[in-house]
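Step one of this worksheet: look at the structure below.
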Protein chains: 2
Amino acid sequence: MKLSQGVEWMLHGVGLIAQAPDGVWVSRRVLAEHYRLPEAYLAKHLKSLVRAGVLVATPGPSGGFRLARPAAEITALDVVEAIEGSASPFACQEIRTRVPGAPAAYRRPCAISSMMDRAHQAWRSELRQVTVLDIVQMAPGPIRERTAARLAALAK
Amino acid sequence: MKLSQGVEWMLHGVGLIAQAPDGVWVSRRVLAEHYRLPEAYLAKHLKSLVRAGVLVATPGPSGGFRLARPAAEITALDVVEAIEGSASPFACQEIRTRVPGAPAAYRRPCAISSMMDRAHQAWRSELRQVTVLDIVQMAPGPIRERTAARLAALAK
DNA sequence: GTATCCCTACTCGGATAATTCTTGTCCGAGTAGAGGAGG
DNA sequence: CCTCCTCTACTCGGACAAGAATTATCCGAGTAGGGATAC
């Protein structure tokens with residue numbers, strides 16, 4: 001079980017985009033240089049976030065990305081599932097039906113599958129309780145100020 | 001994020017082994033035929049469970065596997081982590097330190113990493129609350145009886 | 001009939017390929033802004 | 001001086017390779033049980 005490293009990139013990245021002043025679009029070039037990440041691969045994950053409705057993109061010079069909704073209304077789960085998908089990591093293949101003498105279709109859902117689903121929901125619940133705004137506010141003040149100054153310089 | 005299908009195989013498989021009478025060792029051949037699974041690949045996962053101390057193996061004719069502890073003392077988490085490892089699916093690479101002007105080592109842990117860890121712990125907590133005994137007892141009675149009869153036949 | 005020995009067959013364990021998914025990269029379509037020319 | 005046009009440069013989006021992890025397989029080391037043999 002392994003999460004794509006794009007999850008970390010985008011959780012940080014969305015936090016950065018959230019700090020951009022109104023009217024400023026953060027391009028993937030700026031994002032890549034800010035975190036020293038491969039720009040080409042970053043594009044793939046940003047595209048996923050646009051598809052999921054978390055970010056909005058605009059082309060052309062001074063184009064880039066901004067949040068589709070207020071930072072307080074975007075949860076970490078939205079970001080994670082935009083990249084990883086919302087499917088449970090456990091894919092039940094109903095191997096219990098392959099036991100000789102077992103019915104082809106059980107009445108009750110598989111207990112193991114139910115347990116794994118509960119665990120998955122618990123995991124999602126934790127991520128749903130944290131918003132992008134929370135992530136931004138948890139960064140140390142000095143760092144946040146420096147970032148704000150750098151983003152403001154883009155609006156010139 | 002995807003779990004190995006071996007997780008499903010082994011959660012069911014350990015449940016089957018748990019139903020074996022004392023002195024009966026369930027071989028991987030029996031297990032593979034019971035669930036119609038590829039025997040060779042099954043071996044890999046069974047080996048992981050032995051390494052993790054969940055199962056005990058013995059070679060030779062009428063050899064096989066049995067539980068290393070009472071079924072009530074083995075949790076689903078033990079089985080899952082025996083196969084998938086206990087590491088968090090989120091591997092924080094501290095990209096926050098790559099931001100220009102950021103300190104090389106922060107005092108506080110990364111907020112995003114902490115959040116992902118909390119989610120992982122919530123996931124583990126759910127799986128820790130279910131024991132192998134629970135899994136066995138959740139199976140329908142008729143199925144359980146038929147399985148018990150099949151396992152008893154191995155002791156002849 | 002009983003004990004001993006040998007041999008067969010079955011078990012698990014580790015080392016070795018094939019396949020799928022993640023990772024990584026590139027180039028093309030489209031657009032906004034700047035600069036120059038004309039009025 | 002203002003307006004319009006053109007052109008450039010920058011943006012995102014989709015299609016295309018490389019690497020890693022999972023999936024799948026095989027064969028060898030070792031052991032317990034059964035059968036034959038000797039007593």
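Heavy atoms only: backbone and side chains are in, while hydrogens, waters and symmetry mates are out. Below, read A as the first sequence line, B as the second, and so on, with proteins coming before strands; counting in each chain starts at 1.
- Between A/Pro61 and A/Ala40, the residue anchored nearer the 5' end of DNA chain C, judged by the nucleotide with its closest heavy atom, is A/Ala40.
- Heavy-atom contacts from other residues, nucleotides or ligands closer than 6.0 Å to CZ of A/Arg69 number more than 12.
- Here the side chain of A/Tyr41 is nearest to one of C/dT23, C/dC12, D/dT23, namely C/dT23.
- Two end axes, each from the C1' atoms of five base pairs, can be drawn for the helix from C/dG1-D/dC39 to C/dG39-D/dC1; they diverge by 10°, to 10 degrees.
- Put simply, the side chain of A/Arg128 never gets that close to the backbone of A/Leu77: no donor and acceptor are under 3.5 Å apart.
- For the pair B/Ser125 (side chain) and B/Gln121 (backbone), a donor-acceptor distance under 3.5 Å is absent.
- Between the P atom of C/dT25 and the CG atom of A/Leu37 lies a distance of 12 Å, rounded to the nearest Å.
- Heavy atoms of A/Gly6 sit nowhere under 4.0 angstrom from any nucleic acid atom.
- Toward the 5' end of DNA chain D, the nearer of the two residues B/Glu84 and B/Pro38, judged by each one's closest nucleotide, is B/Glu84.
- A donor-acceptor pair under 3.5 Å is formed between the side chain of A/Glu8 and the backbone N or O of B/Gln93.
- Between B/Arg28 and the phosphate of C/dC12, there is a side-chain N or O to OP1/OP2 separation shorter than 4.0 Å.
- Distances shorter than 4.0 Å separate some side-chain N or O of A/Ser27 from OP1 or OP2 on D/dT11.
- Side-chain N/O atoms of A/Lys47 include one lying less than 4.0 angstrom from OP1 or OP2 on D/dG14.
- Residue side chain A/Lys44 reaches the base of C/dG24 through a donor-acceptor N/O pair under 3.5 Å, judged by distance alone.
- Per the geometry, CD1 belonging to B/Ile83 stands 19 Å off P belonging to D/dA21, to the nearest Å.
- Residue B/Ser62 places its side chain closer to D/dA32 than to any other of D/dT23, D/dG13, D/dA32.
- Rounded to an integer number of Å, the gap from A/Arg66 CZ to D/dT11 P is 18 Å.
- The nearest whole Å value for the distance from the CD atom in B/Glu39 to the C1' atom in D/dT23 is 16 Å.
- Checking side-chain atoms of B/Arg146 against main-chain N and O of A/Gly101 turns up a donor-acceptor pair under 3.5 Å.
- Each of A/Gly60 and B/His45 lies near DNA chain D, and the nucleotide nearest A/Gly60 is the one positioned closer to the 5' end.
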Problem - Full working for salt bridge (Lys or Arg N to Asp or Glu O under 4.0 Å) between B/Arg124 and B/Glu126 - result: CA-CA 5 Å; B/Arg124 297 181 73 225; B/Glu126 283 291 326; over 6 Å; no
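- Under 3.5 Å, the side chains of A/Ser114 and A/Asp117 contain no donor-acceptor pair of N or O atoms.
- Atom pair B/Trp25:CH2 and D/dG33:C1' shows a separation of 16 Å (rounding to whole Å applied).
- Protein atom CG of A/Leu46 is 15 Å distant from nucleotide atom C1' of D/dG14, rounded to whole Å.
- Checking the phosphate oxygens (OP1, OP2) of C/dT23, a side-chain nitrogen or oxygen of A/Ser4 falls inside 4.0 Å.
- If you take CD of A/Gln5 and C1' of D/dA20, they are 12 Å apart, rounded to a whole angstrom.
- Look at NZ on B/Lys2: it is 12 Å from P on C/dT23, rounded to the nearest Å.
- Contact annotation: A/Arg29 side-chain N/O to D/dC10 OP1/OP2 distance is not under 4.0 Å.
- With hydrogens and angles ignored, no donor-acceptor pair closer than 3.5 Å exists between the side chain of A/Arg51 and the base of D/dG13.
- Panel note: side chain A/Thr97, backbone A/Glu94; a donor-acceptor pair is recorded below 3.5 Å.
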